[in-house]
Amino acid sequence: MSRPSDFSTRVHRVVAGIPAGTVLTYGEVAAEAGSPRAARAVGHVLSAAGEGLPWWRVVAADGRLVPGLEEEHAARLQDEGVTCGHGRVRTVRRHRAGGDR
DNA sequence: TATCTGACGATAG
DNA sequence: CCTATCGCCAGAT
């Protein structure tokens, strides 16, 4: 069957598996998808993704939110328990223990 | 098939 | 804080 590349499917699967209140970085998602260097490709996939995919749970490595959708992104994150500020994530509940930095 | 673009990451200045 | 550069990958034209 035609598949939109294993990557896009992998990314969709990973992002859809992110628990609420948790945020992962593009690099983390890319690594989970099978390519730790495909952070850029992940962003591309998310931009092409539609509803059903919690793209807002994916943020940049430096905590930066999506350019152009900072309001939307921040609103959704805060709705799940993530605090944001100035287009940037504040409190992050990473899927990895340890806390934030 | 080639080229450009982009919701990236890291380093350097 | 900012911009600039390199490296990486997938999608669109």
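Not measured: the values here are computed from a predicted model. Numbered from 1 within each chain, the chains take letters A, B, ... in sequence-line order.
- Computed from coordinates, the A/Glu72 CD to B/dA7 C1' distance equals 13 Å when rounded to whole Å.
- Atom CZ in A/Arg88 sits about 10 Å away from atom P in C/dC2, given to the nearest Å.
- The existence of a salt bridge linking A/Glu80 and A/Arg76 is excluded, since no basic side-chain nitrogen approaches an acidic carboxylate oxygen closer than 4.0 Å.
- Across C/dC2, B/dA7, B/dG9, the shortest atom-to-atom separation from the side chain of A/Ala61 is found for B/dG9.
- Between A/Val58 and A/Tyr26, the closest side-chain pair of non-hydrogen atoms falls below 4.5 Å.
- Rounded to an integer number of Å, the gap from A/Glu71 CD to B/dA7 C1' is 16 Å.
- We find that CZ of A/Phe7 is positioned 16 Å from P of C/dA12, with the value rounded to whole Å.
- Separating the CZ atom in A/Arg57 from the CG atom in A/Leu24 is a distance of 10.0 Å, to the nearest 0.5 Å.
- One cannot find a donor-acceptor pair under 3.5 Å joining the base of C/dG7 and the side-chain atoms of A/Arg37.
- In the set B/dT5, B/dC8, C/dC9, B/dT5 carries the atom at the smallest distance from any side-chain atom of A/His44.
- A donor-acceptor pair is defined here as one N or O able to donate and one able to accept, closer than 3.5 Å; no such pair exists between the side chain of A/Ser35 and the backbone of A/Ala38.
- Of the two residues near DNA chain C, A/Arg40 and A/Val45, the one whose nearest nucleotide lies more 5' is A/Arg40.
- With distances taken from any side-chain atom of A/Leu46 to the nucleotides B/dA7, C/dC2, B/dG6, the minimum falls on B/dA7.
- If you measure from atom CG of A/Asp62 to atom C1' of B/dT11, you get 13 Å, rounded to the nearest angstrom.
- In the set B/dG9, C/dC8, C/dG11, the nucleotide with an atom closest to the side chain of A/Ser8 is C/dG11.
- As rounded to whole Å, 15 Å separates atom P of B/dA10 from atom CZ of A/Arg64.
- Residue A/Ala38 is in sugar-phosphate contact alone, with no base atom involved, counting any heavy-atom pair closer than 4.0 Å across all strands shown.
- Taken from CZ in A/Arg88 to NE2 in A/His73, the straight-line distance is 13.5 Å, to the nearest 0.5 Å.
- Within the nucleic acid shown, A/Ser35 has no heavy atom closer than 4.0 Å to any nucleic acid atom.
- In this structure, A/His12 atom NE2 and C/dA10 atom C1' are separated by 12 Å, rounded to whole Å.
- For A/Thr25, counting side-chain heavy atoms from C-beta on, the closest listed nucleotide (C/dC9, C/dG11, B/dG9) is B/dG9.
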